[in-house]
Each structure stands twice: as structure tokens, then as C-alpha cells.
Amino acid sequence: DGIPDLQARVSVCRACPRLVNWREDVARTGRRASFADQPYWGRPGPSFGDPDADVLLVGLAPAANGTNRTGRMFTGDPSGDVLWAALHRTGFAALPTSVSAGDGQALTGIRIVAAVRCAPPSNKPTPTERATCSAWLERDLELTEASGLWAILCLGAIGWDATLGAARALGWGVPRPKPRFGHAAEATLRTPQGRAVRLVGCYHVSPHNTYTGRLTPKMLDAVLLSLRS
Ligand code: SF4
């Protein structure tokens with residue numbers, strides 16, 4: 001059971017009642033006016049990217065009118081607009097924008113997942129929801145490890161913490177004390193076979209960071225370029 005099987009299983013998960021209600025309510029009745037005539041995905045966001053990726057990008061969670069609408073990670077919201085432009089500038093993405101299935105967008109060498117796969121109200125998943133969704137991240141880590149994973153880029157502290165938790169659950173070596181999240185923070189994880197995997201932090205591409213200049217395109221490009229193998 002490889003990545004397509006995992007994507008299919010994730011996309012029908014109903015393990016978190018609050019998030020199932022929210023994602024489906026937004027899809028049915030809570031659509032943003034400008035998207036009112038569009039069909040909404042209304043399900044968990046499956047991973048998107050290169051099936052042979054050796055870099056995994058871990059975000060926070062889908063946006064209610066972004067991934068929850070388009071069905072593709074970081075697609076259809078301001079955070080995604082910043083990320084895709086940077087992925088294109090640094091040679092990971094075929095196109096500078098990501099719109100929807102069939103737009104020709106493709107990633108090389110990187111696959112995008114999220115700590116929580118369903119859109120949470122106010123972008124805030126509960127600790128229980130984060131813990132429940134961790135099983136999917138563990139499986140994604142295992143599958144990417146099998147294709148030569150050498151670096152994990154975490155956008156934001158929640159993605160960072162989720163990755164450390166999933167790595168611990170898989171029996172990977174995680175430094176103690178727990179490495180602290182920060183922009184361009186780095187730590188080394190060890191797979192059970194003893195292989196080193198770089199853990200790299202990056203401020204999240206949310207408008208809160210990009211509109212205020214806390215995260216600039218230059219900072220984002222520098223982190224992404226450090227992941228080119
Ligand atoms: Fe399933 Fe994760 Fe969505 Fe919870 S957040 S319903 S575990 S996919």
C-alpha cells in the first residue's frame with residue numbers, strides 16, 4: 001500500500017467529529033461568496049507532490065476555502081500563493097501558481113502534507129485532533145523514508161511538533177531536549193536504520209507572517225534552496 005492508497009484512505013477519514021462537521025458545513029453552506037458557484041472538496045486534504053520525493057514539507061492544516069475547496073494542499077488561499085511562487089523560484093514546482101486539478105502543476109523532489117488534514121475552525125485544531133491525525137503523518141513519514149527521505153521542512157511550530165511526535169512514535173531518534181522551532185532552526189533525526197534526516201523549521205507562509213514582513217520571499221527561498229539535493 002503506497003502513496004495513492006494512503007491518499008485514498010486519508011481522503012475519507014472521519015475520525016474527528018468536530019472537523020468532519022466543519023469541513024462539510026463549509027462545503028455545503030459556508031462557502032465564501034466569490035466561490036459560491038464552485039464545487040467544494042469538503043474532505044481531508046491528501047498529500048500532493050512527487051511520489052519519489054526525498055523532501056517532505058509539513059504544513060499546519062487546510063484552509064476552509066483553500067484546500068477544503070480545491071482538494072489540493074496549499075491551493076486556493078493566500079498562504080498557498082506565497083508558497084507556490086517560492087517553490088517555483090527554487091525549482092521544486094513546475095508552475096508559480098496552483099489552482100486546481102488539471103492545471104499542470106507538479107512538484108519534483110518534494111511532497112506536501114499537513115499536521116492535520118481537515119480544515120479546523122479558526123485554523124486551530126485541538127490537541128486531541130492533532131494527536132488523532134498524527135497516524136496519517138506517521139504513515140507519510142514511513143513512505144517517504146522508504147524513498148530516501150533526507151529532509152523535512154516544517155512550516156510553523158505545529159508542523160514541527162507534529163513531525164517530532166510522529167518520528168518519536170515511529171521509534172526514530174529525536175534529540176533531547178526537544179529541538180525548539182524557529183525560522184531556519186535545524187535538528188537531526190535518526191531513522192531506526194541509523195540514517196540521518198534533517199529537520200528544518202520555517203515560519204509559516206500565512207498572511208500573518210508574509211504581510212508583516214516576518215517572513216520575506218528571500219527568507220523562504222533561502223530555506224527551500226538549502227533543501228535542493
Ligand atoms: Fe481524519 Fe485527520 Fe481529518 Fe481527523 S483531522 S478526521 S484524523 S483526516
Side-chain angles (χ1 to χ4, degrees), residues 1-32 35 38-49 51 53 56-77 79-80 83 98 100-101 107 110-146 149 152-172 181 199 204-206:
D1 60 340
I3 290 169
D5 176 68
L6 180 60
Q7 290 168 319
R9 287 191 292 131
V10 166
S11 68
V12 294
C13 180
R14 304 183 68 82
C16 306
R18 186 184 79 118
L19 299 188
V20 171
N21 284 341
W22 177 250
R23 76 192 194 204
E24 294 180 355
D25 280 356
V26 170
R28 268 195 306 261
T29 56
R31 301 172 185 201
R32 188 164 291 161
F35 306 133
Q38 295 187 14
Y40 267 52
W41 175 250
R43 290 155 60 184
S47 68
F48 180 78
L56 196 65
L57 188 158
V58 182
L60 164 53
N65 289 282
T67 298
N68 193 53
R69 173 172 58 92
T70 62
R72 185 190 286 169
M73 286 289 169
F74 281 102
T75 297
D77 60 48
S79 299
L83 180 64
S98 176
S100 61
L107 290 170
I110 196 165
R111 195 158 64 90
I112 304 177
V113 299
V116 172
R117 309 298 168 99
C118 290
S122 308
N123 291 321
K124 285 198 176 70
T126 65
T128 302
E129 289 158 355
R130 287 161 60 178
T132 304
C133 210
S134 173
W136 295 124
L137 182 57
E138 288 166 33
R139 192 70 193 110
D140 269 313
L141 277 181
E142 281 183 316
L143 285 174
T144 323
E145 204 274 321
L149 176 69
I152 306 169
L153 176 63
C154 302
L155 294 187
I158 288 181
W160 176 269
D161 287 346
T163 302
L164 288 172
R168 253 190 234 104
L170 290 169
W172 293 18
F181 172 76
L199 181 71
H204 196 279
V205 287
S206 68

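First listed ligand is number 1; within each ligand, the first listed atom is number 1. Note that the structure is predicted; figures quoted are calculated from it, not measured.
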List ligand 1 atoms under 4.0 Å from Val116, heavy atoms only on the residue side. 5 (S)
Under 3.5 Å, is there a donor-acceptor pair between the side chain of Thr163 and the main chain of Asp161? no
Heavy-atom nearest pair, Ser79 first then Ser206, reads OG-CA, 3.3 Å
Please check if the side chain of Arg69 supplies one atom and the backbone of Phe35 the other of a donor-acceptor pair under 3.5 Å. no
Spell out, as yes or no, whether a donor-acceptor pair under 3.5 Å connects the side chain of Trp22 to the backbone of Asp25. no
For residues 58-68, please give each side-chain donor-acceptor pair under 3.5 Å, one per line with the distance, not counting sequence neighbours.
{"residue": "Asn65", "atom": "OD1", "partner": "Arg32", "partner atom": "N", "Å": "3.1"}
{"residue": "Asn65", "atom": "OD1", "partner": "Tyr40", "partner atom": "OH", "Å": "2.4"}
{"residue": "Thr67", "atom": "OG1", "partner": "Arg72", "partner atom": "O", "Å": "2.9"}
{"residue": "Thr67", "atom": "OG1", "partner": "Phe74", "partner atom": "N", "Å": "3.1"}
{"residue": "Asn68", "atom": "ND2", "partner": "Arg23", "partner atom": "O", "Å": "3.3"}
{"residue": "Asn68", "atom": "ND2", "partner": "Ala64", "partner atom": "O", "Å": "3.2"}

Report the protein N/O/S neighbours of atom 1 (Fe) of ligand 1 that fall below 2.8 Å; do not count waters. Cys13 SG
Is the closest side-chain donor-acceptor distance between Ser11 and Gln7 under 3.5 Å? no
